[in-house]
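Everything numeric in this text was worked out from a predicted model, so none of it was measured. Scope of the values below: all heavy atoms of this structure, side chains included, with no hydrogens, waters or symmetry mates. Every chain is numbered from 1 and lettered A, B, ... according to where its sequence line falls, protein lines coming before strand lines.
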Amino acid sequence: MAKIETPRPVRGTQDMLGETADRFTHVVETFERVRRLYGFRRVETPVIEPTAVFARSLGETTDVVSKEMYSFEDRGGDSITLRPEFTAGVCRAFLTEGWQQFAPLKLATHGPLFRYERPQKGRYRQFHQIDAEIIGAGEPGADVELLVFADQVLRELGVSDGVTLRLNTLGDGGTRIAWRSALIEYFSDHRADLSEDSQERLEKNPLRILDSKDPRDRPIADAAPDIDTYITDEARDFFGSVTEGLNVAGVQWVRDSRLVRGLDYYRHTAFEFVTDRLGAQGTVLGGGRYDGLMESLGGHPTPAVGWAAGIERLAMLIDCPAAPSVNAVLVPLGEAAELAAIGIIATLRHAGISADLAFKGNMKKRMQKANDLGARFAIIIGDDELAKGVASVKNLSTGAQDEVSLANLVSAVV
RNA sequence: GCGACCGUAGCUCAGUCGGUUAGAGCGCCGGUUUGUGGUACCGGAGGUCGCGGGUUCGGAUCCCGUCGGUCGCCCCA
């Protein structure tokens, strides 16, 4: 008989167990806790969307749309795409579910996203993000609220020390157009001195030359026209209000006038929380204002701001969370005790006490199991204990052991 | 799409100027101790050396190809 080959996991996906999974969970639980503090409502949207949701909103020419989407035709012939980001899907839901009636809306979500890319450190084909959006609020206070929230999430995760908030404004629509054409003109004059990559960027995405890593581009990019020259008074005031709010809230930030975001829909505030501890993937959390996005999905003009952060990247930065443990592990000895243990463990769990059962091997094995599970107490039940209606409760950190009547068991192992 | 490095036990890795039967630590199973974990000691199981071809008396080791992984470029969380 031919040997059956075990199928391999899909490239760029991960299976998590133990510390990796604990880290991941800790990030999600911290996010969930903090978003409640800020009154962000949990929202769930589909992992799959019509391809048009992303093709229209992200900008047809961005790499994400042109070559990184997981798209397929379903049995009905419709083009479906696994979401490569949250924002577009959340906006689609805002429009199709009539959530305008709840605006302004503070929303939070998290889950898997998919991008067809070469995997490397902190980059996966299936990756996960936490995400926050404020939809229907055009005031700079919304940007502040969102950024203070982001700052507290990072703070509570204990990663804020090595992480810097870099902040910029892309101005309003008019600003962006004027600045963009000034940049194109400037870079075209220096075309011959630019790297090959940046000469290509000049055609497709000139703003991206600003944050090029190529040393040949740096002097040219650093001397490029500044957005501040083209920014309208309104946009400047808007940015001023945002930074003022951050200062009052005690959020540290630095201006980075070279920071641009990859996706076309950003206006006004753009920001990234950046670290140098993740190799080539420095951005830990990024986002900005996307006032034009709703219209590109056929909705009324609706101002909105949002951010997203890679859970895997955060999980790599945080200190190792404490290993999970249980209050008590039952160690039954003999058939009668094993049956009785089923009832006892049910009572403990109903009382809110985490408990597990060591059901295999001799007593040594079972005690070992209790130890491996990180139990605070081992509850030993043999024929002697059963006859007396008690259990031997051993404190596994001190080694002390006492007989406790079954009726008092719950309070003995809290 | 491009480039570099790496594939040896369940895991982390040693072994490679080509040469008996491929090793260690951890983990797993059993024992010292048939009602007592964490530390210790003894024993055991577990390997197509990623796969295919080539050179050679002889390949885990050298060469070519291929698949997989990692990191970087592009792009991006």
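Within 4.0 Å of A:Glu385, counting heavy atoms only, lies at least one base atom of the nucleic acid. Here A:Leu113 lies out of heavy-atom contact (under 4.0 Å) with every strand. A:Tyr124 comes within 4.0 angstrom of a nucleotide base, judged by non-hydrogen atoms across all strands. Nucleic acid contact for A:Gln401: base, since at least one base atom lies under 4.0 Å from a heavy atom of the residue.
If you check B:rU32 for Watson-Crick or wobble pairing at under 3.5 angstrom, you find it paired to B:rA40. Base-pair partner of B:rG58: not found among the strands shown (Watson-Crick or G-U wobble, both distances under 3.5 Å). B:rC5 is paired with B:rG69 under the Watson-Crick or G-U wobble criterion, all donor-acceptor distances under 3.5 Å. In this structure, B:rC75 forms no base pair with any nucleotide, since neither Watson-Crick nor G-U wobble geometry is met with both distances under 3.5 Å. Base pairing of B:rU21: no nucleotide in any strand meets the Watson-Crick or G-U wobble criterion (both distances under 3.5 Å). For B:rG52, the paired nucleotide is B:rC64, the pair qualifying as Watson-Crick or G-U wobble because both relevant distances are below 3.5 Å. Under the Watson-Crick or G-U wobble criterion, with both distances below 3.5 Å, B:rG47 is left unpaired in every strand shown.
Between the P atom of B:rA77 and the OH atom of A:Tyr290 lies a distance of 14 Å, rounded to the nearest Å. Per the geometry, CG belonging to A:Asp15 stands 15 Å off C1' belonging to B:rG68, to the nearest Å. Summarising the geometry, the separation between CG on A:Leu17 and C1' on B:rC11 is reported as 12 Å, rounded to the nearest angstrom. Following rounding to the nearest Å, A:Arg216 (CZ) and B:rC73 (C1') show an atom-to-atom distance of 12 Å. Atom-to-atom, CE of A:Met363 to C1' of B:rG37 comes out at 9 Å; the value is rounded to the nearest Å. With rounding to whole Å, A:Lys360 atom NZ is found 11 Å from B:rC29 atom C1'. As a whole-Å value, the separation of A:Phe54 CZ from B:rA77 P is 14 Å. Put simply, CD on A:Glu272 is 9 Å from C1' on B:rC76, counting in whole angstrom units.
Remark: the separation of the C1' atoms in B:rA22 and B:rC49 is 8 Å, to the nearest Å. Between B:rG68 and B:rC29, the two C1' atoms lie 32 Å apart (nearest whole Å). Comparing the P positions of B:rU21 and B:rG7 gives a spacing of 24 Å, expressed to the nearest Å. B:rC63 and B:rC6 are spaced 11 Å apart, taking the P atom of each and rounding to whole Å. Comparing B:rG58 with B:rC13, their P atoms sit 34 Å apart, to the nearest whole Å. Taking atom P in both B:rC64 and B:rC5, one finds a spacing of 12 Å when rounded to whole Å. The C1' atoms of B:rU61 and B:rC75 are separated by 40 Å, rounded to the nearest whole Å. When the C1' atom is compared between B:rU12 and B:rC73, the two are found 30 Å apart, to the nearest whole Å.
A:Gln129 has no side-chain polar atom (N or O) that falls below the 4.0 Å cut-off from OP1 or OP2 of B:rA77. Between A:Arg118 and B:rG3 there is no side-chain polar atom (N or O) within less than 4.0 angstrom of OP1 or OP2. For A:Arg208, a side-chain nitrogen or oxygen approaches OP1 or OP2 of B:rC76 to under 4.0 Å.
The 5' end of RNA chain B is approached more closely, in terms of each residue's nearest nucleotide, by A:Gln120 than by the other of A:Gly310 and A:Gln120. Comparing A:Ala308 and A:Asn395, the nucleotide of RNA chain B nearest to each residue sits closer to the 5' end for A:Asn395.
Of the N and O atoms on the side chains of A:Gln14 and A:Glu312, at least one donor lies less than 3.5 Å from an acceptor on the other residue. With hydrogens and angles left out, the side-chain atoms of A:Glu272 and A:Thr283 include a donor and acceptor closer than 3.5 Å. Side-chain contact of A:Ser397 with A:Asn395: a donor-acceptor pair under 3.5 Å is present, judged by distance alone. For the 3.5 Å distance criterion, the side chains of A:Tyr124 and A:Glu117 fail to qualify, holding no donor opposite an acceptor. Judged by distance alone, the side chains of A:Asn247 and A:Trp253 do bring a donor and an acceptor atom under 3.5 Å apart.
Expressed to the nearest 0.5 Å, how far CD of A:Gln152 lies from CZ of A:Arg33 amounts to 8.5 Å.
Here B:rA77 is the nucleotide among B:rA77, B:rG68, B:rG35 with the atom lying nearest to any side-chain atom of A:Arg313. Side chain of A:Arg115, nearest nucleotide from B:rU36, B:rA77, B:rC71: B:rA77.
Remark: A:Arg115 does not engage A:Glu85 in a salt bridge, criterion side-chain N to carboxylate O under 4.0 Å. Of the charged side-chain nitrogens involved, none lies within less than 4.0 Å of a carboxylate oxygen, so that A:Asp172 and A:Arg176 do not count as a salt-bridged pair.
In this structure, A:His190 and A:Tyr186 have tilted ring planes: the angle between them lies in the 30° to 60° band. In this pair, A:Phe24 and A:His128 present their aromatic rings perpendicular. The plane angle is above 60°, beyond the 30 to 60° band.
For A:Arg123 against B:rC71, no side-chain N or O and base N or O form a donor-acceptor pair under 3.5 Å. No N or O donor and acceptor, one from the side chain of A:Glu117 and one from the base of B:rG1, sit under 3.5 Å apart.
Of the residues in residues 364-373 of chain A, A:Lys364, A:Lys365, A:Met367, A:Gln368, A:Asn371 come within less than 4.0 Å of RNA chain B through at least one heavy atom, sorted by number.
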